[in-house]
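Here's the structure we're looking at; comments come further down.
Everything quoted here is computed from the prediction, not taken from an experiment. Naming convention: chains lettered A, B, ... in sequence-line order (proteins, then strands); numbering from 1 in each chain.
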2 protein chains.
Amino acid sequence: MTTIRDVAKQAEVSVATVSRVINKRGYVHEETLKKVEQAIKELNYKPNDVARSLFKKTSNSIGFIIPDITNPFFPQLVRAVESTMIESGYTVILFNSDEVLDHELKLIELMESKYMDGLLVVSNTITKDHLENLTMPVVAIDRVLDKGIPTVYVDNYKGARQAVQFLIKKGCQKIAYLHGPEKIFTAKERLRGYQDEMEKNGLPTFIYPGNYELKASMMSTIRLLAEHPDVDGIFAGNDVMAVGAIKAASKMGYTIPKELKIIGFDGIDLATAITPELTTMHQPILEIGKKGSELLLQLIAGQSPEKKHYVYDAELVERNST
Amino acid sequence: MTTIRDVAKQAEVSVATVSRVINKRGYVHEETLKKVEQAIKELNYKPNDVARSLFKKTSNSIGFIIPDITNPFFPQLVRAVESTMIESGYTVILFNSDEVLDHELKLIELMESKYMDGLLVVSNTITKDHLENLTMPVVAIDRVLDKGIPTVYVDNYKGARQAVQFLIKKGCQKIAYLHGPEKIFTAKERLRGYQDEMEKNGLPTFIYPGNYELKASMMSTIRLLAEHPDVDGIFAGNDVMAVGAIKAASKMGYTIPKELKIIGFDGIDLATAITPELTTMHQPILEIGKKGSELLLQLIAGQSPEKKHYVYDAELVERNST
DNA sequence: TTGAAAGCGCTAACAG
DNA sequence: CTGTTAGCGCTTTCAA
């Protein structure tokens, strides 16, 4: 490995001078600059990030904790975050937590001991308390951890109401809701939206658990349709469950969208891979990732953003399942 | 931040002694051990990974370069790698390269300057030459970079032949192949398998490009079916394309599997999300990730594995598209 | 069994 | 404009 010392020797200057040229900081005579650059090239010198980090207490990297990359909602989010972080010279370290608090806390410790510069997090288990004596800035994505913590997310409640409204407008009278895990923020909000909108329209509610999963959703849909064969609309808390509902309902002989209309939430790629293509409340995933990253970058730079919470609207994308 | 020095002071010993206890190395008197542990607890001391790395030229982390996490093949692979790496105390740093050589090379430089301990890579662009003067061990996954580089992958050729055989056994006589990107190793191997098996059976070949993508596959399938309406079987180079083929063929009025049988390759989750569920050549993704990680771990530990190449068989999973 | 001290590779005063 | 030097926090000889 070639170090700054080697370069200094080769260029016949001090290490301080070499440091100046690689950091483009301070005065360096044109001549010496040339010499140093020459030496750097000859030796193929690359500064050592670890040594740099140790001194600067900074690593040009941020951590991104998500529940599970296997959940089709996250790959796109990750890419969005990554691409805006890279532009600013940061590398993002991805962690899958499975929403196990213990893991998350361990990861945060790890991040501190590696001088990571910031944390982007999607979690329902971490709370303000866990973050209190954390030195690095934190931005939450997709879930509100605390009013005080900068957050970027979609208005799930509003989106849910809109989804239900749409089904009603399409003529549905008996609309069921497939809901996600009890403890997950987004699932609760979407459920609340469903309930309020149904109530507002004087319609009865039918709530079945789907756990944001395909299999669970299929089973619930089968039960739902057995118990209430005349259901004519299903609002699924996410696209994955909506796909499950479509599969199950088709298998049971329902024609979609004629007899039964189904709408999802998220706007993942899967929605267009299936037949019929899924009508859904599309989240601006890329924008969310981008804004979250920008917020964190600002915080890292010591600036305080104008707003703490950035809320986006989900957008109705009508396809063939309604 | 509390450092080893703080702990030493608190415990009234030298930093060397503290270092010994946190590393469980060398002799430490029972009494002093107690004192030090006490101090560590009181101060909630956590050793600083960066300082450690600087000295040890090691980071307990490995890099994992993949083309694109958005490709549904990778999330599972990533999880498999991550989980076996974590067990050994390593953290994995994921990088999306989009198979752009320039990015990949940059990433490798970054990894070196961070003292990462090893590289796991899925790439068609990196070659032996790029890796030559790399100090860290490398293991390739899913694509063979060079005979000399340890690799873990599936026998794509054999799997492809098996897929075609199966279609023939099911009565197909006019079987088309949707193939992936020209330059991708897996795509080439699968194409070769298709061609050889068709030739062996004296059957004509129909090869259409699908680029491993849904949209491209749909367009090609439409063209295929327009040009050769009597095609009765499609072997898609991957599951994503198979899904596209199903969508397109259905739209054109073909009943699957009655008039047209479709088989894919990979065994991603998407295969069971659609209707009809996709028959496919299933890759043991988890095992591949696990074996790749274990290999790398061995290499990092300075051991040389018995074999350099680990080849798995894809397994035929029959579902409803055939 | 313990401590002093050197040094991993780099940056940033500070002095010149 | 450039060099000397003191660390960043840790590990590891080497002596004691």
Side-chain angles (χ1 to χ4, degrees), chain A residues 1-40 43-61 109-117 135-136, chain B residues 1-40 43-61 109-117 135-136:
Chain A
M1 237 206 61
T2 122
T3 75
I4 197 172
R5 195 160 263 105
D6 301 324
V7 177
K9 202 166 295 172
Q10 171 97 347
E12 299 176 299
V13 297
S14 73
V15 294
T17 301
V18 178
S19 179
R20 282 189 197 99
V21 352
I22 62 188
N23 292 297
K24 303 186 202 314
R25 189 193 315 294
Y27 299 96
V28 171
H29 190 89
E30 185 76 12
E31 288 290 290
T32 42
L33 177 71
K34 286 257 162 51
K35 273 198 301 183
V36 172
E37 284 177 334
Q38 173 70 9
I40 288 177
L43 298 175
N44 188 29
Y45 167 74
K46 302 274 181 290
N48 179 317
D49 265 353
V50 177
R52 227 174 218 182
S53 278
L54 182 59
F55 184 89
K56 314 240 300 186
K57 298 181 190 311
T58 260
S59 64
N60 281 316
S61 68
E109 266 179 22
L110 182 74
M111 289 179 56
E112 289 198 284
S113 81
K114 285 195 185 297
Y115 285 143
M116 292 197 188
D117 303 315
T135 54
M136 75 188 90
Chain B
M1 237 207 59
T2 122
T3 74
I4 198 172
R5 195 159 263 105
D6 302 323
V7 177
K9 202 167 293 172
Q10 172 96 348
E12 297 175 300
V13 297
S14 73
V15 294
T17 302
V18 178
S19 178
R20 283 187 197 100
V21 353
I22 61 188
N23 292 297
K24 303 187 202 313
R25 187 194 317 290
Y27 298 97
V28 170
H29 189 88
E30 185 75 12
E31 289 289 290
T32 41
L33 177 71
K34 285 257 163 54
K35 274 199 301 184
V36 172
E37 283 177 336
Q38 173 70 10
I40 287 177
L43 299 174
N44 188 29
Y45 168 73
K46 302 274 181 289
N48 180 316
D49 265 353
V50 177
R52 228 175 216 182
S53 278
L54 181 58
F55 185 90
K56 313 241 299 186
K57 299 181 188 311
T58 260
S59 64
N60 280 315
S61 68
E109 265 179 21
L110 182 75
M111 289 179 55
E112 289 199 283
S113 81
K114 284 195 185 297
Y115 286 143
M116 292 197 188
D117 304 315
T135 53
M136 76 188 90

Hey, does the side chain of B:T32 come within less than 4.0 Å of C:dT1's phosphate (OP1/OP2), counting only N and O?
no
If you assign each of B:Y115 and A:R25 to its closest nucleotide in DNA chain C, which residue comes earlier from the 5' end?
B:Y115
What's B:S53 touching, base or sugar-phosphate or nothing? Going by heavy atoms closer than 4.0 Å.
nothing
5'-most contact on DNA chain D (nearest-nucleotide basis), A:S14 vs A:K56, goes to A:S14
Between C1' on D:dG3 and CD on A:E12, what's the gap in Å once rounded to a whole number?
15 Å
Do B:M136 and B:M111 pass the side chain to side chain contact (heavy atoms under 4.5 Å, CB included) test, and can you show the C-alpha distance, the side-chain angles, and the key distance before you say yes or no?
CA-CA 9 Å; B:M136 76 188 90; B:M111 289 179 55; 3.5 Å; yes
C:dC8 P sits how many Å from A:F55 CZ, rounded?
17 Å
Using whole Å, report how far CD1 of B:I40 lies from C1' of D:dC10.
13 Å
In whole Å, what is the span from the NZ atom of B:K35 to the P atom of C:dT1?
14 Å
Nearest 0.5 angstrom please: B:N60 CG to B:R52 CZ, how far?
8.5 Å
Measure from the side chain of B:M1, starting at C-beta and using heavy atoms only, and say which of D:dG9, D:dT5, D:dT11 lies closest.
D:dG9
Taking only the side-chain heavy atoms of B:P47 (C-beta and beyond), determine which of C:dA5, D:dG3, D:dC10 contains the nearest atom.
D:dC10
Does the side chain of A:I40 reach to within under 4.5 Å of the side chain of A:V36, using non-hydrogen atoms?
yes
Tell me whether the OP1 or OP2 atom of C:dG9 has a side-chain N or O from A:K46 closer than 4.0 Å.
no
Interatomic spacing from CZ in A:R5 to OG in A:S14 - rounded to 0.5 Å:
10.5 Å
Which residue lies more 5' along DNA chain C, comparing B:A51 with B:E30 via nearest heavy atoms
B:E30
Indicate, with a heavy-atom threshold strictly under 4.0 Å, whether B:V50 touches base, sugar-phosphate, or nothing.
nothing
Between C:dT11, D:dG3, D:dC10, spot the one nearest the side chain of A:A16, thanks.
D:dG3
How long is the gap from OG on A:S59 to CE on A:M116, to the nearest 0.5 Å?
6.0 Å
Touch class at under 4.0 angstrom, heavy-atom based, for B:T17 against every strand present:
sugar-phosphate
Looking at B:K57, I'd like to know whether one of its side-chain N or O atoms comes within less than 4.0 Å of OP1 or OP2 on D:dT11.
no
Quick one: label A:R20 by what it contacts on the DNA or RNA (base, sugar-phosphate, nothing), any heavy atom closer than 4.0 Å.
base
Divergence of helical axes at both termini of the helix from C:dT1-D:dA16 to C:dG16-D:dC1 - five pairs an end, 10° steps
40°
Where the side chain of A:Y27 is defined as all heavy atoms beyond and including C-beta, which of C:dT11, D:dT2, D:dC10 is the nearest nucleotide?
D:dT2
Just call it for B:L33: base, sugar-phosphate, or nothing, with non-hydrogen atoms closer than 4.0 Å on any strand.
nothing
In whole angstrom, what separates B:K9's NZ from C:dG3's C1'?
15 Å
Under 4.0 Å between a side-chain N/O of A:S19 and OP1 or OP2 of C:dC10, yes or no?
no
Could you give the CZ-to-P distance, from B:R52 to D:dC8, as a whole number of Å?
18 Å
Can you measure A:D6 atom CG to C:dG9 atom C1' for me and round it to whole angstrom units?
10 Å
Is B:V21 close to B:V13 at the side-chain level, that is, under 4.5 Å between some pair of heavy atoms?
no
Mark yes or no for whether B:T58, through its side chain, and B:S53, through its backbone, hold a donor-acceptor pair below 3.5 Å.
no
Respond yes when some side-chain nitrogen or oxygen of B:N48 is under 4.0 Å from OP1 or OP2 of D:dC8, and no when none is.
no
For A:K34 and D:dC1, what is the distance between atoms NZ and P respectively, to the nearest whole Å?
14 Å
Could you walk me through whether A:K35 and A:E31 pass the salt bridge (Lys or Arg N to Asp or Glu O under 4.0 Å) test, one step at a time?
CA-CA 6 Å; A:K35 273 198 301 183; A:E31 288 290 290; over 6 Å; no
CG of B:D6 to CG of B:N44, rounded to nearest 0.5 Å, is 12.0 Å
